[in-house]
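Below, chain A is the first sequence line, B the second, and so on; all start at residue 1.
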Amino acid sequence: MTRLTEYLLPTLKQAPADAEAVSHKLMVRAGLIRQIGAGMWTWLPAGWRVHQKVVEIVREEIDAIGGREMLMPVLQPAEPWRKTGRLEIEELFKLHDRKGSELVLAMTHEEAVTTHVAQTVDSYRELPLILYHFQVKERDEPRPRAGVLRTREFVMKDSYSFDRDQAGMDERYELHVGAYDRIMRRTGLRFYRVESDVGMMGGLGAHEYMAPCAAGEDEIVLGEGYAANVEVARTSPDVQWDGDGAYTRNGETLRVEPAIEIGNIFKLGTRYSVPLAATYVDQHGSELPIWMGCYGIGPARIVAAAVEQYADEDGISWPVALAPFRVHLVGLGRAGTPEREATEQLYAKLVQAGVEVLYDDRDAGPGEKFADADLLGCPLRLTVGRKSLQSGEIEVRSRRAREQLAGLPLQADGPQFARLLDELCRDLP
RNA sequence: CGGGGAGUGGCGCAGUCUGGUAGCGCACCCGGCUGGGGGCCGGGCGGUCGCAGGUUCAAAUCCUGUCUCCCCGACCA
């Protein structure tokens, strides 16, 4: 799989001086991301593995509700944006090509996807439809902050649903609620689905998926069977707000927690289909506007939220589903020693058995290796040293529980290791 | 956009007030010791001090302009 001596994992003892958020500090320290400008971040190999773990979970669940993956460009003509009235948005990057044509860098893809559906869908027989992609979004943020929590360029999964009528749109919306619930559950994050404000989009309903954590930019109001963002709570008839910090509902005092928005789902209605002329012909021959919904997820924010929620003083502690590697194998002793030889053999077996393993084969001291393993935060750490040769056992440590688990037999074969490690991971948080 | 702060080797910093030719820790390279929680000793490499202009015999240091980055707030379709 991966040997550390052949990898790029630039870990740091000290966090960047100006970093404030835990995820910002730790993701840089663990060698997952590096900054190239304000709100512009590179994902280094280990960080990108985590990002893509999220992407794969999202892809599986959106495919499962009938989503069709595609890819639309970031660079787009300005005209459709003018039609929907969104060319005026300040966060939208605008530019001109050498001929002087007006272009934009897309901040979402309603204009593009609706244009294509308008071009290609004619009949009620072709609806409903869910289209989605993972694509970079560009936003001229007034203030990027906190590492990858708020950036000017980021990958988003955005899906769009197209229906014959409002009831159909509501159905597609509910499918997304189910898919999003499953996605968030699978990531291992603590999250809430909260009612949100329809805002200036003037839509017909919306929810946000919020991950509570200290670096969160938003606040959510929580009670027994109740979760909403503050804007909604303040205007809700059954919630009393004293104008200060305190909220009550049916006599219950509600808690307020900071949280990161990791996803949102939105009933658009005909907000985009009307200006972009996305219509279909129904069974009676009438031309009608298509009913739409849009659904976003930011994988980078899920990654950062996972770091925020589970970090401790030694570093990151990934949920199993997001970890860059399941197993961090530490080989003690220098090259040529018997314990190192045993580690090499173990590594070969793990690789052959398809275990996702990062092997620290550096010629470094044990303290440094253990510290880096804690910092990177893979769920299981296997250690092979002189003790292992004597006992015949590989030491196993859980990153999250920070405790030694039962050792594994050094002499087991690859498939046995794969099975034992799978079982161990199943029991981990 | 308002307020605050910062740009000096890969990272973290000192030096700037009071001008005199750049330093510390870590990292890195070489040699040796060590080998179960960032270990030790010795020897090295590396910096047009963000950029441009000015003042001066002399500028990291003073002046002017400019760029960039961070934090708080506002904003966040």
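- Taking 4.0 angstrom as the limit, R145(A) places a side-chain polar atom (N or O) nearer than this to OP1 or OP2 of rC72(B).
- In this structure, D422(A) pairs ionically with R326(A), as a charged nitrogen and a carboxylate oxygen lie closer than 4.0 Å.
- Pairing for rU61(B) is absent, judged as Watson-Crick or G-U wobble with the two contacts each under 3.5 Å.
- In this structure, the nucleotide among rA77(B), rC70(B), rG36(B) sitting nearest to the side chain of A38(A) is rC70(B).
- As rounded to the nearest Å, rG15(B) and rC49(B) have C1' atoms that lie 10 Å from one another.
- K157(A) contributes a side-chain N or O that, together with a main-chain N or O of Y295(A), makes up a donor-acceptor pair within less than 3.5 Å.
- Distance L332(A) CG to rG39(B) C1': 14 Å, rounded to the nearest Å.
- rU48(B) and rG23(B): their P atoms are spaced 14 Å apart (whole Å).
- No contact: A373(A) has no heavy atom under 4.0 Å from any strand.
- With a 3.5 Å ceiling on both atom-pair distances, the Watson-Crick or G-U wobble partner of rG31(B) is rC41(B).
- A 3.5 Å limit on both hydrogen-bonding distances identifies rC1(B) as the Watson-Crick or G-U partner of rG73(B).
- Protein atom CG of L382(A) is 19 Å distant from nucleotide atom P of rG36(B), rounded to whole Å.
- Between rG47(B) and rU21(B), the distance separating the two C1' atoms is 14 Å to the nearest Å.
- At the heavy-atom level, R29(A) lies under 4.0 Å from base atoms of the strands shown.
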Polar atom pairs between nucleotides 4-14 of chain B and protein, under 3.5 Å, N or O only, would you list them?
{"unit_1": "rG12(B)", "atom_1": "OP1", "unit_2": "A17(A)", "atom_2": "N", "d": "3.4"}
{"unit_1": "rG12(B)", "atom_1": "O4'", "unit_2": "Q14(A)", "atom_2": "OE1", "d": "3.3"}
{"unit_1": "rG12(B)", "atom_1": "O2'", "unit_2": "Q14(A)", "atom_2": "NE2", "d": "3.3"}

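- Nucleotides rG7(B) and rU66(B) place their C1' atoms 14 Å apart, quoted to the nearest Å.
- L408(A) pairs with exactly one of L346(A), V396(A), L380(A) by the side-chain contact (heavy atoms from CB on, under 4.5 Å) rule, that one being V396(A).
- As rounded to whole Å, 10 Å separates atom C1' of rA77(B) from atom CD of E111(A).
- In this structure, R49(A) forms a cation-pi arrangement with F325(A), its terminal cationic atom sitting closer than 6.0 Å to the ring centre and no more than 45° off the ring axis.
- If you check the side chains of N229(A) and S196(A), you find no donor sitting under 3.5 Å from an acceptor.
- Nucleotide rG36(B) holds its P atom 19 Å from the CD1 atom of I394(A), rounded to whole Å.
- rC26(B) is paired with rG10(B) under the Watson-Crick or G-U wobble criterion, all donor-acceptor distances under 3.5 Å.
- Atom C1' of nucleotide rA77(B) and atom CE of M292(A) are separated by 13 Å, given to the nearest angstrom.
- Nearest nucleotide to the side chain of R86(A), out of rA77(B), rG36(B), rA74(B): rA77(B).
- Candidate nucleotides rG39(B), rC69(B), rG36(B) were compared by shortest atom distance to the side chain of R152(A), and rC69(B) ranks first.
- At the heavy-atom level, K387(A) lies under 4.0 Å from base atoms of the strands shown.
- Comparing the P positions of rG2(B) and rA14(B) gives an interatomic distance of 29 Å, to the nearest angstrom.
- Map R143(A) and E368(A) each onto its nearest nucleotide of RNA chain B; the residue landing nearer the 5' end is E368(A).
- Following rounding to the nearest Å, D363(A) (CG) and rC29(B) (P) show an atom-to-atom distance of 11 Å.
- Positionally, the nearest nucleotide of RNA chain B for K13(A) lies more toward the 5' end than for the other of W41(A) and K13(A).
- Ion pairing between a basic and an acidic side chain is recognised when a charged N comes within 4.0 Å of a carboxylate O; E91(A) and K137(A) show no such pairing.
- Atom-to-atom, CD of E20(A) to C1' of rC69(B) comes out at 15 Å; the value is rounded to the nearest Å.
- The separation of rG50(B) from rG44(B), taken at their C1' atoms, amounts to 29 Å, rounded to a whole angstrom.
- Of all nucleotides listed (rC75(B), rC69(B), rG36(B)), rC75(B) comes nearest to the side chain of E91(A).
- Looking at the side chain of L375(A), the nearest of the listed nucleotides rC71(B), rG36(B), rG38(B) is rG38(B).
- rC30(B) and rC24(B): their P atoms are spaced 22 Å apart (whole Å).
- In this structure, E257(A) pairs ionically with R255(A), as a charged nitrogen and a carboxylate oxygen lie closer than 4.0 Å.
- Nucleic acid contact class of A19(A) (heavy atoms, under 4.0 Å, all strands): none.
- Within the nucleic acid shown, E90(A) has no heavy atom closer than 4.0 Å to any nucleic acid atom.
- With salt bridges taken as basic N to acidic carboxylate O contacts below 4.0 Å, none links R164(A) and E171(A).
- A distance of about 31 Å separates the P atoms of rU18(B) and rG10(B), rounded to the whole Å.
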### Task
Could you walk me through whether H207(A) and N264(A) pass the side chain to side chain donor-acceptor pair (under 3.5 Å) test, one step at a time?
CA-CA 6 Å; H207(A) 286 89; N264(A) 59 51; over 6 Å; no
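- If you check distances only, the side chain of R397(A) never reaches the base of rG36(B) with a donor-acceptor pair under 3.5 Å.
- At least one test fails for K349(A) against the ring of F417(A): distance under 6.0 Å to the centre or angle within 45° of the axis.
- In this structure, G385(A) reaches the bases: a heavy-atom distance under 4.0 Å links it to at least one base atom across the strands shown.
- One can place CG of N229(A) at 11 Å from P of rA77(B), the figure rounded to the nearest angstrom.
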